[in-house]
Structures are given as C-alpha cells and as structure tokens.
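Below: the structure, in structure tokens.
Being a predicted model, the structure only gives us computed values, none of them experimental.
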Amino acid sequence: MSSTSSIDQPNVITCKAMVAWEAGKDLVMEEVEVSPPQPLEIRVKVICTSLCRTDITAWESQAIFPRIFGHEASGIVESVGEGVTEFVKGDHVLTVFTGECKTCKHCESKKSNMCQVLGLERKGVMHSDQGTRFSVKGKPVYHYCAVSSFSEYTVVHSGCAVKVSPQAPLEKICLLSCGVAAGLGAAWNVADISEGSIVVIFGLGTVGLAVAQGAKLRGASQIIGVDINPEKYEKAKCFGVTDFLNPNEYNEPIQQVIKRISGGGTDYSFECIGNTGMVTTALQSCCDGWGLTVTLGVPKTNPEIASHYSAFLSGKTLKGSLFGGWRPKSDLPSLVKKYMNREIQVDEFITHNLPFEDINKAFTLMREGKCLRCVIHMPN
C-alpha cells in the first residue's frame with residue numbers, strides 16, 4: 001500500500017475493497033486504487049461499516065455497476081483536499097449519505113435536511129465533479145450514496161462527514177450514520193411523538209425498533225409492533241414495544257385489529273418496511289382527526305402510493321422522512337453525545353460482528369431476516 005508523502009500532497013492509495021460487479025451477485029474482494037481527495041473532499045480510513053437494508057435493495061436492483069456499496073460507517077481522516085478547514089488528519093468521523101452545505105436555501109431555512117448541494121446522490125459519482133475516486137485495473141468503479149464504505153479507504157465530500165469525539169467507540173456509533181438515527185429522528189423530529197400517545201410500527205428491523213425506542217423515550221403509552229417474524233418480539237420488547245401483531249395470525253385486515261386494540265386508531269403510525277401497500281395500511285390504522293403516518297422505508301417495487309381521499313378528508317396526515325429529519329453536521333454530534341451519556345441504546349442493535357472478508361455472510365444474514373445490524377470490522 002502506498003502512503004501519503006505529506007498532508008498537502010496525498011498520493012493514490014491501493015487497498016482492498018468489496019466490489020459489486022453485477023446485481024445480486026456476491027461482492028468480490030479486489031485491489032482498488034483510491035484517488036487523492038479533490039477540493040473540499042477528505043479521504044477516510046474506514047474503521048467499521050454496518051450493513052443497511054438500503055444497500056441490499058440497491059445491490060439487488062440498481063443498474064450502476066461495478067460499484068462499491070456501504071454508507072453506514074465510521075473512520076479516521078487520512079488526508080484532506082484543498083479548501084478543507086473543518087477536518088485534519090486523524091479526526092474521527094461518521095460518514096453520511098446526505099450532506100449539509102449550510103449555505104443553500106434548505107440548510108439556511110432550518111426547516112429541512114434536504115441539502116440542495118449535497119443531497120442524496122444517485123448516479124454513483126462525487127457531488128463535486130461527477131467523477132469517481134475508485135478504479136480497478138484502470139476501470140472506473142462507481143460510488144454508492146457518495147460514501148462507499150465497503151473499502152478500506154474511501155473519499156467523501158467534507159460536507160458528507162461529521163466530526164465526532166475520539167472517545168466515542170467507532171465500532172458502535174457507525175449505526176448512527178443511518179438506521180438508528182433515522183428511526184429516532186422519525187419519532188422525535190418528524191412525528192414529534194407526545195407523551196401518553198399510542199403508536200404502531202410496521203416492520204421491526206433496525207429502523208422500526210429505533211422508532212420504538214424514540215416513542216418509549218417520549219413516553220408513549222402503547223407501542224404496537226407489526227411484523228410477520230414472531231422471533232422479533234422478544235428483541236422488540238427491549239426497545240419499548242408493548243404489543244406484537246403478526247398479520248398472518250389474523251383472519252381480518254391488520255388495520256382493523258389495530259383500531260380495535262388502540263380504541264379507534266393510533267395517534268402515530270410508521271411504515272418501516274419499504275412497501276407502498278403498507279403505507280396505505282398504516283394510514284388506515286391511525287385515528288381520524290389527528291392521526292399521523294410517517295413513511296421511512298425504501299420500496300424495491302411499486303413506488304407509487306395510492307390512498308382514498310377520505311383518509312385526508314377525515315384529518316389524517318401522511319409525511320415522508322429522510323434520515324429522520326436530522327441535519328447531519330448540526331445534529332449528529334448531539335446524538336453521539338446522547339449515546340455516550342447512555343441516554344439512547346445503540347449497542348443492542350448489533351447482532352453480529354464480522355471481519356471484512358465475510359461481508360457476503362452479512363448480506364445473507366440480513367436477507368434471511370436473521371440480523372438487525374452486522375458490523376463489519378476493517379483490517380487494522
């Protein structure tokens with residue numbers, strides 16, 4: 001592996017990365033060349049990265065290949081590009097799939113986390129120059145969500161990284177760069193759950209259980225979890241779920257069961273599966289007048305949502321959520337601090353720890369519903 005001659009003139013780095021060459025096919029360990037950071041970019045030595053369901057959805061379906069997936073990660077700054085003043089070599093960081101430039105209309109409004117400059121990147125390239133920083137034997141390899149953490153080193157825009165305390169364990173807080181933060185934020189920022197309220201959550205994966213944790217911390221009186229996997233109930237209780245419903249065990253629509261046990265419908269419902277049909281079910285499960293449904297899941301198919309107008313005529317609201325409404329640079333440090341102060345649970349979401357070379361096993365575990373989060377540990 002080549003090294004940097006100075007902080008001002010970083011070289012190309014050759015390292016290992018797990019490359020996806022085709023949709024749905026095992027990732028392949030390759031030697032990749034990682035370019036130096038360009039202006040306003042940083043190069044990061046990835047320490048830990050966890051597998052998110054969105055990585056799997058994209059790996060199974062998207063047509064941009066070859067590609068390095070991964071976006072939920074923690075690492076240490078290896079070098080910085082021209083114009084970067086916020087980071088120096090050695091800083092501990094979380095990578096984020098949506099950035100915060102702090103100067104665009106949305107960032108300045110404080111009402112939104114949909115940065116117009118560093119928002120969700122879908123083309124597999126860097127925000128700054130629409131190019132890639134990875135190659136294998138001269139062939140470009142594309143990015144994922146402007147992060148690509150399934151590599152020993154990666155390059156991200158400085159606006160898509162958050163400096164964190166060096167005391168925070170990188171092998172734990174990587175979960176806060178996406179899934180756990182998204183669920184907590186949906187409960188706190190998007191829905192703003194009130195004390196004593198009734199909540200239903202569809203899908204008890206990491207995001208759904210993080211919503212449950214957020215609802216519990218807000219003092220919800222009843223938290224109903226809906227999932228077709230009965231093995232999830234014991235884990236769900238640890239995060240605050242009070243009632244578990246398996247739709248396969250009922251001969252009536254699950255929304256009718258929910259309305260019955262909640263006394264006419266829930267105050268809040270959350271769709272955390274990525275199934276647009278379930279968005280309609282979630283909307284039907286909340287009460288008239290003020291019922292609020294938040295959708296968080298990313299659908300693989302059928303992206304259009306259909307619902308009868310009467311749901312809205314009766315006063316219900318449907319809201320979307322990206323990263324739980326958190327503005328990464330402004331808000332994530334406080335979330336890390338809450339973890340350090342033991343105010344929120346993060347460790348309990350980690351069901352597996354695997355070495356980098358076993359990343360395909362992590363994909364299998366998640367596809368089979370046998371894990372919440374697999375943390376992938378990079379070689380020292």
Hey, does the side chain of T295 reach the backbone of G320 with a donor-acceptor pair shorter than 3.5 angstrom? no
Heavy-atom donor-acceptor pair, R367 side chain to A362 backbone, under 3.5 Å: no
Donor-acceptor pair, side chain of Q213 and main chain of Q345, under 3.5 angstrom: yes
Derivation and outcome, ring-ring contact (aromatic ring centres under 6.0 Å, His included), residues H71 and Y144: CA-CA 7 Å; H71 64 283; Y144 178 64; 5.8 Å; yes
Working to the nearest 0.5 angstrom, can you tell me the gap between K237 NZ and L204 CG? 13.0 Å
Look at the side chain of S314 and the backbone N and O of A311, then say whether any donor-acceptor pair between them is shorter than 3.5 Å. yes
Checking V44, T154, I42, I13 against E78 for side chain to side chain contact (heavy atoms under 4.5 Å, CB included), the one that qualifies is I13
Please check if the number of heavy atoms outside E231 that lie under 6.0 Å from its CD is greater than 12. no
Between SG of C48 and CG of N353, what distance do you get to the nearest 0.5 Å? 7.5 Å
For the pair T95 and V147, evaluate side chain to side chain contact (heavy atoms under 4.5 Å, CB included) and give the outcome as yes or no after the intermediate values. CA-CA 7 Å; T95 59; V147 175; 3.4 Å; yes
Donor-acceptor pair, N341 side chain versus K338 backbone, under 3.5 Å? no
Check whether T242 reaches the backbone of I223 with its side chain - one donor and one acceptor, N or O, closer than 3.5 Å. yes
Is the CD atom of E195 crowded by more than 12 outside heavy atoms at less than 6.0 Å? no
Within 45° of the six-membered ring axis of Y233 and under 6.0 Å from that ring's centre, is NZ or CZ of K235 located there? no
Approximate separation, where rounding is to 0.5 Å, of L175 CG and S74 OG: 9.5 Å
Going through the checks in order, is the side chain to side chain contact (heavy atoms under 4.5 Å, CB included) test met by F202 and I258? CA-CA 11 Å; F202 293 84; I258 293 165; 3.5 Å; yes
Hphob cluster co-occupancy, V88 + L40, side-chain heavy atoms under 4.5 angstrom: no
Could you state whether F270 and I344 fall into the same hydrophobic cluster, counting links through intermediate Ile, Leu, Val, Met, Phe, Trp or Tyr residues with side-chain heavy atoms under 4.5 angstrom apart? yes
Return yes when atom CE of M114 has more than 12 non-hydrogen atoms of other residues, nucleotides or ligands closer than 6.0 Å, and no otherwise. no
Nearest 0.5 Å, please: how far is CG in L296 from CD1 in I273? 11.0 Å
When hydrophobic residues are tied together by side-chain contacts of less than 4.5 Å, even through go-betweens, does V298 share a cluster with W59? no
Residue list, side chain to side chain donor-acceptor pair (under 3.5 Å) with Q222, at least two apart or on another chain: D243
May I ask you to decide whether E31 forms a salt bridge with K16, counting only side-chain N to carboxylate O separations under 4.0 Å? yes
Can you tell me if D267 and S197 form a side-chain donor-acceptor pair at under 3.5 Å? no
Kindly write out the residues that satisfy side chain to side chain contact (heavy atoms under 4.5 Å, CB included) with T49, not counting sequence neighbours, or none if the list is empty. V46, A73, S149, F150, I376, M378
Check: E72/S177 side-chain N/O donor and acceptor closer than 3.5 Å: no
What distance do S112 atom OG and E100 atom CD have between them, rounded to the nearest 0.5 Å? 10.0 Å
Verify side chain to side chain contact (heavy atoms under 4.5 Å, CB included) between S151 and V32, making sure each step is shown before the conclusion. CA-CA 8 Å; S151 173; V32 300; 4.2 Å; yes
Please say whether more than 12 non-hydrogen atoms of neighbouring residues, nucleotides or ligands are located less than 6.0 Å from CD in E82. no
Using a distance-only test with no angle check, is there a side-chain donor-acceptor pair under 3.5 angstrom linking E41 and S128? yes
Sidechain-backbone polar pair: D55 side chain, C52 backbone, donor-acceptor under 3.5 Å: yes
List the steps, then state whether side chain to side chain contact (heavy atoms under 4.5 Å, CB included) holds for C287 with T266. CA-CA 5 Å; C287 66; T266 64; over 6 Å; no
If you count every heavy atom of other residues, nucleotides or ligands that lies below 6.0 Å from W21 atom CH2, does the total exceed 12? yes
K163 side-chain N/O to E86 backbone N/O, donor-acceptor pair under 3.5 Å: yes
With a 3.5 Å cut-off and no angle check, do the side chains of E271 and T293 form a donor-acceptor pair? no
Is it true that, when you exclude I228 itself, more than 12 heavy atoms of the residues, nucleotides or ligands shown sit nearer than 6.0 Å to its CD1? no
Joint cluster assignment, V93 & V375, ILVMFWY side-chain distance < 4.5 Å: no
Going only through I, L, V, M, F, W and Y residues with side-chain contacts under 4.5 Å, is there a path from V156 to I173? no
Under 3.5 Å: donor-acceptor pair, side chain of K316, backbone of C286: yes
S269 side chain vs A282 backbone, donor-acceptor pair below 3.5 Å: yes
Where does the angle between the aromatic ring planes of H143 and F134 fall among parallel (under 30°), tilted (30 to 60°) and perpendicular (over 60°)? tilted
I'd like to know whether OH of Y142 has more than 12 heavy-atom contacts from other residues, nucleotides or ligands below 6.0 angstrom. no
Y153 side, atom OH; I76 side, atom CD1 - distance, nearest 0.5 Å: 9.5 Å
Candidate pair K25 and E60, rule salt bridge (Lys or Arg N to Asp or Glu O under 4.0 Å), full reasoning: CA-CA 8 Å; K25 298 291 178 69; E60 288 177 333; over 6 Å; no
